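Structure first, then comments.
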Protein chains: 2
Amino acid sequence: MGTTSTSRTVDAVQISLNIIEFLQERDGAGITEIAEALEYSKGTVHSHMATLAENEYVVKHDGLYRLSLRYLELAETVKDRLQIYDVVREELDELAADSGELAQFATEEHGRAVYIYKTGGEKAVQTASSVGDREYLHCISLGKAMMAHMDDDRVEEIIEQHGLAEFTSSTITTREELFAELETIREQGYAFDREEKIEGLRCVAAPVVTKGEVVGALSVSGPASRFEGEVYEEELPEMVTRSANVIEINSQFS
Amino acid sequence: MGTTSTSRTVDAVQISLNIIEFLQERDGAGITEIAEALEYSKGTVHSHMATLAENEYVVKHDGLYRLSLRYLELAETVKDRLQIYDVVREELDELAADSGELAQFATEEHGRAVYIYKTGGEKAVQTASSVGDREYLHCISLGKAMMAHMDDDRVEEIIEQHGLAEFTSSTITTREELFAELETIREQGYAFDREEKIEGLRCVAAPVVTKGEVVGALSVSGPASRFEGEVYEEELPEMVTRSANVIEINSQFS
DNA sequence: AAAAACCGTTCGCAACGGACGAACATTTAT
DNA sequence: ATAAATGTTCGTCCGTTGCGAACGGTTTTT
């Protein structure tokens with residue numbers, strides 16, 4: 001049921017990208033190891049490694065190939081182009097300090113949420129998620145906050161592409177539930193995560209919208225034990241929306 | 001006089017890498033623009049973009065292709081694997097606070113220095129360099145500190161590869177001067193940059209050596225007006241070497 | 001110490017992949 | 001409405017690329 005019209009692609013490039021992905025998982029690998037794992041011939045892998053090494057995308061250090069530091073440079077340029085990055089960073093640090101909880105910012109890309117920045121207050125929970133990680137939109141507050149400000153068509157597209165996987169008993173798994181939830185979010189201006197992704201973890205998120213377009217969302221996460229009652233229902237939503245507004249205003253200047 | 005034995009490489013991959021590099025410089029480009037700039041046919045570029053987009057290395061946003069956030073993820077894994085990263089960060093922040101100046105850490109890769117972390121004290125100079133940037137080794141204190149702890153063969157190789165370009169009247173431009181300087185650095189344990197790269201900018205650097213191998217170097221930079229006399233000749237060198245030692249010791253545990 | 005195993009590297013060869021360019025859509029500008 | 005520019009598709013032909021086997025070099029096994 002692929003919605004993708006599948007343009008023509010370049011197999012050779014695909015091989016190199018597979019190798020890069022492999023090196024991302026396994027730290028330091030030799031030619032033979034790569035060749036066996038990905039089922040290419042040694043010769044093939046060799047010429048690809050030569051190309052990647054020549055362009056400094058991988059480094060060979062005592063017989064093992066690793067991803068090079070070039071990705072730091074690339075990441076830096078990507079960050080620089082998210083003009084709001086500095087504003088986000090500043091405001092989120094403050095939010096984390098005020099709430100004492102974990103504060104995060106994410107953007108949407110390819111129908112998933114990408115974590116851009118995370119900063120912890122004193123009591124902050126330690127989640128596995130870190131910068132660059134991707135997550136489905138329908139099961140986290142950040143994601144729902146962003147989807148609430150997209151065209152219905154786009155939302156349909158995303159559902160089509162990624163489905164609505166169930167993670168806990170509270171996860172939204174039907175189209176109807178989801179659209180109803182998005183409507184609610186639009187009305188109140190913020191989104192909850194009621195342990196929909198991880199049992200015991202609750203979040204509150206608000207979208208960041210500039211020029212009518214949602215550029216991301218920020219959230220605060222914490223254990224169900226602290227995220228309840230008035231704090232969860234009113235205080236945190238207020239803090240989160242206020243921070244979102246600050247970012248919206250400050251990001252006008254760039 | 002390329003020292004590279006030039007293994008067989010994959011042209012198709014080279015094209016994709018060229019495109020990525022192009023997108024790194026120019027933010028947001030269309031098919032035609034890329035095709036003209038790099039002198040490939042539109043059809044070629046199209047299929048490469050399809051491949052890169054499918055693997056989420058680029059994103060198409062209202063008609064323009066950009067580098068995706070995937071590089072954040074890649075950068076994060078690369079950082080995680082520099083086990084010393086956290087130690088460096090902590091110690092450099094302290095060094096910057098103590099000295100009030102700009103503190104930096106770099107590693108060598110492909111015969112050049114790659115900046116890994118930078119942090120500024122109150123008075124810190126604002127240099128153009130930022131994380132991921134590369135610099136030649138012979139003209140900066142960080143680079144000379146690292147070279148001082150490499151085999152002579154390796155140093156020769158680097159000279160061969162990158163030459164000894166002149167930036168200011170103080171830049172070291174001959175093999176003899178360089179080797180003499182490296183000898184001095186080995187004796188005293190730290191390296192100076194006497195406005196060898198940028199007129200008016202001076203630095204002091206110390207190498208970080210673990211298990212007999214140089215894993216990087218750290219430096220402090222500032223204007224010639226503040227970097228002189230006893231401060232420049234004694235205090236800063238001492239601070240820098242002390243920090244390097246702390247990192248060496250703390251990075252044993254990983 | 002010999003032998004076996006393993007690794008990276010090179011190279012010839014056949015085949016299929018990919019770059020080109022023209023033509024067709026589609027959008028934007030005039 | 002016309003024109004210009006951009007993205008997309010596709011047939012074709014050449015050349016690249018992936019394969020497999022073989023070669024040195026190093027390490028491990030017996």
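Here is the naming used below: chain letters follow the sequence lines, and residue numbers restart at 1 for every chain. For clarity, every value in this text was computed on a predicted model and none was experimentally measured.
With a 4.5 Å cut-off on side-chain heavy atoms, B:Glu73 and A:Gln24 count as touching. The shortest side-chain heavy-atom distance between A:Phe22 and A:Leu38 falls under the 4.5 Å cut-off.
Among residue pairs with one or both ends in residues 59-69 of chain A, those qualifying as salt bridge (charged side-chain N to carboxylate O under 4.0 Å, His left out) are A:Asp27-A:Arg66; sequence neighbours excluded.
Using modelled atom types, one finds a donor on one side chain and an acceptor on the other under 3.5 Å when comparing B:Asn18 with B:Tyr40. A side-chain donor from one of A:Ser243 and A:Glu91 sits under 3.5 Å from a side-chain acceptor of the other.
With sequence neighbours excluded, the residues that form a salt bridge (Lys or Arg N to Asp or Glu O under 4.0 Å) with A:Glu156 are A:Arg175. With sequence neighbours left out, A:Lys197 forms a salt bridge (Lys or Arg N to Asp or Glu O under 4.0 Å) with A:Glu135. Remark: A:Glu177 engages no residue in a salt bridge (Lys or Arg N to Asp or Glu O under 4.0 Å) (not counting sequence neighbours). By the ring pair (Phe, Tyr, Trp, His ring centres under 6.0 Å) test, B:His162 pairs with B:Tyr136, sequence neighbours left out. Not counting sequence neighbours, the partners of A:Tyr190 by the ring pair (Phe, Tyr, Trp, His ring centres under 6.0 Å) test are A:Phe192. Taking A:Glu108 as the reference, A:Arg154 meet the salt bridge (Lys or Arg N to Asp or Glu O under 4.0 Å) condition, with sequence neighbours excluded.
When the P atom of D:dG18 is taken as reference, atom CD1 of A:Ile19 falls 9 Å away, rounded to whole Å. Between A:Ile15 atom CD1 and C:dG18 atom C1' the separation is 13 Å, expressed in whole Å.
Using a distance-only test at 3.5 Å, with no hydrogens or angles considered, a donor-acceptor pair links the side chain of B:Ser68 to the main chain of B:Glu56. At least one donor-acceptor pair under 3.5 Å links the side chain of B:Arg186 to the backbone N or O of B:Ala148.
Heavy-atom nearest nucleotides on DNA chain C were determined for A:Tyr65 and for A:Val13, and the one closer to the 5' end corresponds to A:Tyr65.
Note: A:Tyr71 and B:Tyr71 have parallel aromatic rings, judged against thresholds of 30 and 60 degrees for the angle between ring planes.
Residues of residues 39-51 of chain B having a heavy atom closer than 4.0 Å to DNA chain C, listed by number: B:Tyr40, B:Ser41, B:Gly43, B:Thr44, B:His48. For DNA chain D, the neighbouring residues in residues 21-38 of chain B, judged by any heavy atom under 4.0 Å, are B:Gly30, B:Ile31, B:Thr32.
Considering only side-chain N and O atoms, A:Ser7 lies nowhere under 4.0 angstrom from the phosphate OP1 or OP2 of D:dT8. Here A:Lys60 does not reach the OP1 or OP2 of C:dC7: none of its side-chain N or O atoms lies under 4.0 Å away.
Bending across the helix from C:dA1-D:dT30 to C:dT30-D:dA1, expressed as the angle between its end axes from five pairs apiece, amounts to 50° (10° rounding).
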Please write out each protein N/O paired with an N/O of nucleotides 11-16 of chain D under 3.5 Å, distance rounded to 0.1 Å.
from   : atom 1 : to     : atom 2 : distance (Å)
D:dG11 : O6     : A:Arg8 : NH1    : 3.2
D:dG11 : O6     : A:Arg8 : NH2    : 3.4

Which atom pairs link the protein and nucleotides 25-30 of chain C when you take only N or O atoms and keep those under 3.5 Å?
none

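The neighbour count for A:Glu187 CD, taken as heavy atoms of other residues, nucleotides or ligands under 6.0 Å away, is above 12.
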